[in-house]
Amino acid sequence: MRHYRPHRTPWRTAAPSYVWPDTAAGNCRLLPGRIEDVALLFLDTAASLAMPEHEIPSVCDTQRFTFHVHLPLDLPWNKGPVYVFDIVRRLFHKIDHLSPWGAVLHPPATPADLDTFAQLWVRSGMKSRDLLIENTESDDLRPYLPVIFRHNLSLCLDIGHAVAAHDIELFLQPKLHNIIRMIHAYAPFLRDRAEDAPRGKHRHLPLSLLDDNGKALFFTVLRACSSELVIVFEVFDPEYLRQSLDYFDGLCRYEGLGT
């Protein structure tokens with residue numbers, strides 16, 4: 001990966017644990033110096049539970065990175081939130097040596113399931129703010145907002161999902177800016193080619209290809225949110241990551257964000 005001159009911003013920058021076709025441990029050895037946080041992708045329940053120790057980052061990696069978890073996309077909500085929480089507990093036990101600071105969760109089947117899951121999360125001793133609910137292209141987040149506010153949960157704003165679902169207006173609401181703790185930053189399709197992205201089939205392309213509406217949302221949230229914000233460049237190709245980091249660096253300079 002080509003080196004670039006880093007630009008200091010108030011926010012932590014992050015990348016997925018699968019940018020290169022290697023293990024999570026291998027990716028940690030390859031990520032560029034600008035990356036400060038790693039999103040451990042536990043996307044498949046069975047595979048994540050069975051992940052061998054040598055594929056998981058080691059305690060030495062905590063000297064360079066902080067870690068958070070993206071919870072599985074196929075969690076068995078049909079078996080109830082108690083069953084699901086036990087799976088999450090087991091996943092966290094596998095990476096306890098990394099001291100993960102939080103977890104990203106796609107909305108469960110119903111707001112009631114999220115309500116119960118949030119209660120279990122807090123009772124286990126984890127901070128409510130460290131559970132981040134991600135907007136998706138297929139799920140309307142609005143029915144979940146009362147639960148999110150009631151339990152003081154956080155949001156993970158996926159820019160690509162918001163653009164692909166034509167749901168940008170929701171995240172322009174100032175009341176949400178106080179609880180957005182993470183951004184998944186990427187372009188869901190080639191600029192001005194939304195028709196090429198069938199619903200649910202969008203891609204994870206470099207941030208530079210994000211359309212004007214997506215960029216406007218991105219910078220609105222950047223300016224409104226606190227320095228706690230973590231920006232995950234959610235791309236799965238080394239060149240896409242380089243392009244996204246370089247583009248973000250240039251935009252921050254142009255907008256006067258950071259030093």
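Nothing fancy with the numbering, it's 1 onward along the sequence. Reckoned from all heavy atoms, side chains included, excluding hydrogens, waters and symmetry mates.
- The two residues F42 and S48 have their closest heavy-atom pair at CA-OG, 3.2 Å.
- The shortest non-hydrogen separation linking F233 to P16 is O-CD, 3.2 Å.
- The aromatic rings of H68 and W101 lie tilted to each other, with the angle between the two planes from 30° to 60°.
- Summarising the local packing, CD of E53 is surrounded by 12 or fewer heavy atoms from other residues, nucleotides or ligands at distances under 6.0 Å.
- Not a single donor-acceptor pair under 3.5 Å links the side chain of D74 to the backbone N or O of D44.
- Put simply, the side chain of N27 gets close to the backbone of V19: a donor and an acceptor are under 3.5 Å apart.
- Among residues two or more places apart in sequence or in another chain, the side-chain contact (heavy atoms from CB on, under 4.5 Å) test is passed with T136 by H106, P107, S138, D139, H161.
- Judged as a side-chain hydrogen bond (donor to acceptor under 3.5 Å, both in side chains), and not counting sequence neighbours, E55 has no contacts.
- Under the rule for a side-chain contact (heavy atoms from CB on, under 4.5 Å), the partners of N213 that lie at least two apart in sequence or sit in another chain are I168, D211.
- By the 4.5 Å heavy-atom criterion applied to side chains, I35 and L245 are counted as neighbours.
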Is there a side chain to side chain contact (heavy atoms under 4.5 Å, CB included) between L176 and F149 once you walk through the steps? CA-CA 10 Å; L176 295 189; F149 279 107; 3.8 Å; yes
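- For the pair S128 (side chain) and N152 (backbone), a donor-acceptor distance under 3.5 Å is present.
- Of the possible donor and acceptor atoms, none in the side chain of S154 sits under 3.5 Å from a partner among the backbone N and O of L131.
- Side chain of D61 to backbone of S58: a donor-acceptor contact under 3.5 angstrom is found.
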Derivation and outcome, side chain to side chain contact (heavy atoms under 4.5 Å, CB included), residues D249 and R34: CA-CA 10 Å; D249 183 81; R34 176 71 189 280; 4.0 Å; yes
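- H70 places no side-chain N or O within 3.5 Å of a backbone atom of A39 that could act as its donor or acceptor partner.
- Residues P72 and L91 are in side-chain contact: their nearest non-hydrogen atoms beyond the backbone lie under 4.5 Å apart.
- Checked by atom type, the side-chain pair R89/S124 shows no donor-acceptor distance below 3.5 Å.
- Remark: the backbone N or O of L209 is not paired with any side-chain donor or acceptor of Y247 at under 3.5 angstrom.
- Applying the side-chain contact (heavy atoms from CB on, under 4.5 Å) test to A25 and every residue at least two apart in sequence or in another chain returns T23, R29.
- Separation of atoms CD1 (I180) and CZ (F171) is listed at 7.0 Å; rounding is to 0.5 Å.
- Although no hydrogens or angles enter the test, the distance criterion places a donor-acceptor pair under 3.5 Å between the side chain of W121 and the main chain of K127.
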List the steps, then state whether side chain to side chain contact (heavy atoms under 4.5 Å, CB included) holds for L75 with L105. CA-CA 10 Å; L75 288 168; L105 176 70; 3.8 Å; yes
Apply side chain to side chain contact (heavy atoms under 4.5 Å, CB included) to L120 and T116, showing your working. CA-CA 6 Å; L120 294 167; T116 301; 4.2 Å; yes
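- With sequence neighbours excluded, the residues that form a side-chain contact (heavy atoms from CB on, under 4.5 Å) with R142 are D140, D167, L170.
- The salt bridge (charged side-chain N to carboxylate O under 4.0 Å, His left out) pairs that include a residue from residues 76-85 number zero, where partners must be two or more places apart or lie in different chains.
- Note on I183 and L155: same hydrophobic cluster, where clusters join Ile, Leu, Val, Met, Phe, Trp and Tyr whose side-chain heavy atoms are under 4.5 Å apart, directly or indirectly.
- Side-chain rings of F117 and F85 approach one another, their centers coming within less than 6.0 Å.
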